[in-house]
Every structure is written in C-alpha cells, then in structure tokens.
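In each ligand, atom 1 is the first atom listed, and ligand 1 is the first ligand listed.
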Amino acid sequence: MTQPSSSHLPDHVAIILDGNGRWAKKRGLSRSEGHRAGGEALDRLLDTALEIKIPIISMYAFSTENWKRPAREVSALWKLMLEFFRDRLEKSLQKGIRVVASGDLSRLPAKNRRIIESVIEKTKKGRNLTANFCVNYGSQDEILRAVNRIIQEAAAGNRSKTKPVTRKEFEKHLYTAQLGPVDLLVRPGGEKRISNFLLWQCAYAEMYFTDVLWPDFDETCLREALDWYRKRERRFGALE
Ligand code: FPP
C-alpha cells in the first residue's frame with residue numbers, strides 16, 4: 001500500500017473508540033467481549049501508527065461520562081485496561097512508544113492508576129510515537145480544571161490577579177500541554193459528534209467519520225482516513 005506523503009501527515013491524530021458494544025451484539029457476544037476486541041484493535045492501531053510514523057495519537061478510552069454505565073461493564077473495562085497496559089509495556093519499550101495519559105487518574109482503581117503511572121514513567125524516553133490514553137477524561141472538566149488552576153495560582157500569589165489569561169498560559173494547564181492541537185479527529189462507529197473529547201484541541205481539526213465499528217477499524221481504515229486528510233485544504237480561518 002502506498003505511504004501517505006509524510007509532509008501531509010497529521011502531527012496529532014485523535015480517535016474516539018466507538019462501536020465495541022454493537023460489534024459484540026452483532027456476533028451474539030457480551031459487551032465486555034466487544035471491549036476486548038476493541039483493545040486488540042488499539043494494539044494493532046499503535047503498530048500501524050508507528051509504521052506510518054504518526055507522531056502523536058490520542059485515544060478516548062474512558063470518558064468522565066462512562067461511569068454512568070453498569071458497574072459490571074465499568075469493572076470489565078478496568079480489568080481489560082490493566083491487562084492491556086501490562087502486556088503493552090515491553091512492546092512500548094522495544095518500539096520506542098512514549099505512553100502519556102490525559103484525565104483524572106485519581107478516581108481509577110488503584111491498580112489501574114499504578115500501572116498507567118508506571119508505564120508512563122518507564123516509557124518516557126520513547127521517541128517514535130506518543131500514545132496519549134485519555135482515561136476518565138472529559139474536555140469540559142479539563143477546561144474547568146485549567147481555569148481553576150489559574151485562579152488558585154493567583155490566590156496563592158504566584159500570578160497577577162488581574163493580568164488577562166493568554167491562550168499560551170491556559171494551554172499550559174491542559175492535560176495535553178505537551179501535545180498541541182489535534183490535526184485529525186477520527187470517529188468510527190457511525191455517530192457524528194465529538195462527545196466531550198479534546199474540544200479545545202480540536203478547534204481546527206479535520207473531522208473524519210466512518211460507520212466502521214471500532215474493533216473492525218484496521219490499517220486500511222486508518223490509511224483511508226489519512227488519504228482523506230491529505231486532500232483537505234486547511235485554512236485556519238484565513239483565505240487560500
Ligand atoms: C465505546 O464503545 C468504547 C468505550 C467506552 C471503551 C473503549 C475501550 C476500548 C477500546 C478497550 C479498552 C481500552 C484500553 C485502553 C485497552 P461503546 O461501548 O459505546 O460501543 P457501542 O456504541 O456500540 O455500544
């Protein structure tokens with residue numbers, strides 16, 4: 001398959017992992033089995049991203065709203081993620097993947113928090129791909145957190161109370177401070193919404209929607225999204 005020209009590759013791709021449940025239902029499987037297949041698709045995606053040389057991938061693995069799901073499904077997801085990060089560590093180290101996370105990890109089961117923090121620490125020198133796992137992540141929460149941090153800095157006397165906040169200062173307080181804006185947002189699963197994912201970072205993202213359910217999203221699907229992206233004319237509000 002032809003390699004998309006690297007000059008037209010997005011620096012930062014964000015993916016909403018949607019459709020695990022429907023994928024499972026179609027096969028008479030449980031939702032947890034759908035999530036397991038979704039985890040396997042994620043593993044394959046990271047390998048493809050490395051091969052194509054995409055610098056940054058953000059993945060929506062668990063949203064602040066996903067707590068509303070039945071407790072059984074939520075705990076199956078935590079179990080799956082625990083296994084995923086355990087299995088992924090060696091691979092990430094070998095392949096030069098830097099794992100980072102966005103979201104409030106403090107609410108996660110302790111085992112999950114520990115494994116994610118340990119993988120982040122151990123892979124921090126990875127230079128080939130930054131894999132940003134968005135876990136217990138919600139964009140509105142992230143924005144409020146940034147605002148509140150700035151208020152707290154001012155209250156503590158570490159910043160002026162009246163100086164207007166600049167975009168640069170605000171972005172320093174986002175989980176994605178080191179990652180920058182999203183160039184391409186991909187949403188499999190047929191829905192056409194952004195679901196509280198990286199709202200600030202997607203201000204000028206190109207948005208690609210496909211009906212393919214996440215567990216079926218393979219190398220061909222990613223390359224199709226990248227080919228589509230390559231043809232977009234990005235103007236960032238200016239003229240051609
Ligand atoms: C949305 O599909 C998917 C999720 C809420 C969880 C995503 C999790 C994974 C892909 C696997 C586990 C994660 C890691 C990091 C290993 P859905 O359940 O809403 O699907 P539906 O819309 O078809 O019901």
Ranked by distance from atom 10 (C) of ligand 1, the top protein heavy atom is N20 ND2, 3.4 Å
Any salt bridge linking D47 with R44? Criterion: basic side-chain nitrogen under 4.0 Å from a carboxylate oxygen.
no
As a check for students: among A61, A37, G34, A76, identify the option with a heavy atom nearest to atom 6 (C) of ligand 1.
A61
Quick one: pull up OG1 in T123 and CZ in R98 and give me the separation to the nearest 0.5 Å.
8.0 Å
Taking the hydrophobic residues Ile, Leu, Val, Met, Phe, Trp and Tyr, and joining any pair whose side-chain heavy atoms are under 4.5 Å apart, which ones share a cluster with I150?
I143, V147, I151, V165, F170, L174, W200
Taking distance alone, with no angle check, do R31 and ligand 1 share an N/O pair under 3.5 Å?
yes
Answer yes or no: is there an ion pair linking E83 with K79, defined by an N-O contact shorter than 4.0 Å?
yes
Between the candidates Y60, F84, F217, which shows the shortest non-hydrogen contact distance to atom 16 (C) of ligand 1?
F84
Min side-chain heavy-atom separation T210-F217 under 4.5 Å:
yes
Residues R223, E219: salt bridge by 4.0 Å N-O rule
yes
Check ion pair K122-E90 (N to O, under 4.0 angstrom):
no
Can you name the residues that form a side chain to side chain donor-acceptor pair (under 3.5 Å) with R232, not counting sequence neighbours?
E206
Among all protein heavy atoms, pick the one closest to atom 1 (C) of ligand 1 and tell me residue, atom and distance.
L17 O, 3.0 Å
Checking H12, E171, Q201 against T176 for side chain to side chain donor-acceptor pair (under 3.5 Å), the one that qualifies is Q201
Could a heavy atom of G189 be found less than 4.0 Å from some atom of ligand 1?
no
Nearest protein heavy atom to atom 11 (C) of ligand 1, by residue and atom, and its distance?
H35 O, 3.5 Å
At less than 4.0 angstrom from any non-hydrogen atom of G19, what atoms of ligand 1 do you find?
2 (O), 20 (O), 21 (P), 23 (O)
Ligand 1 contact by R69, heavy-atom criterion under 4.0 angstrom:
yes
Test of proximity, W23 against ligand 1: N or O pairs below 3.5 Å
no
Looking only at protein heavy atoms, which one is nearest to atom 13 (C) of ligand 1, and what is the separation?
M81 CG, 3.8 Å
Contact (N/O only, under 3.5 Å) between L42 and ligand 1:
no
Return the residue, atom name and 0.1 Å-rounded distance of the protein heavy atom closest to atom 12 (C) of ligand 1.
L80 CD2, 3.8 Å
Within-cut-off N or O pair, D18 and ligand 1, under 3.5 Å
yes
Should the proximity of N66 to ligand 1, defined as any heavy atom under 4.0 Å, be assigned to the side chain, the backbone, both, or neither?
side chain
Within 45° cone and under 6.0 Å: R27 NZ/CZ vs W23 ring:
yes
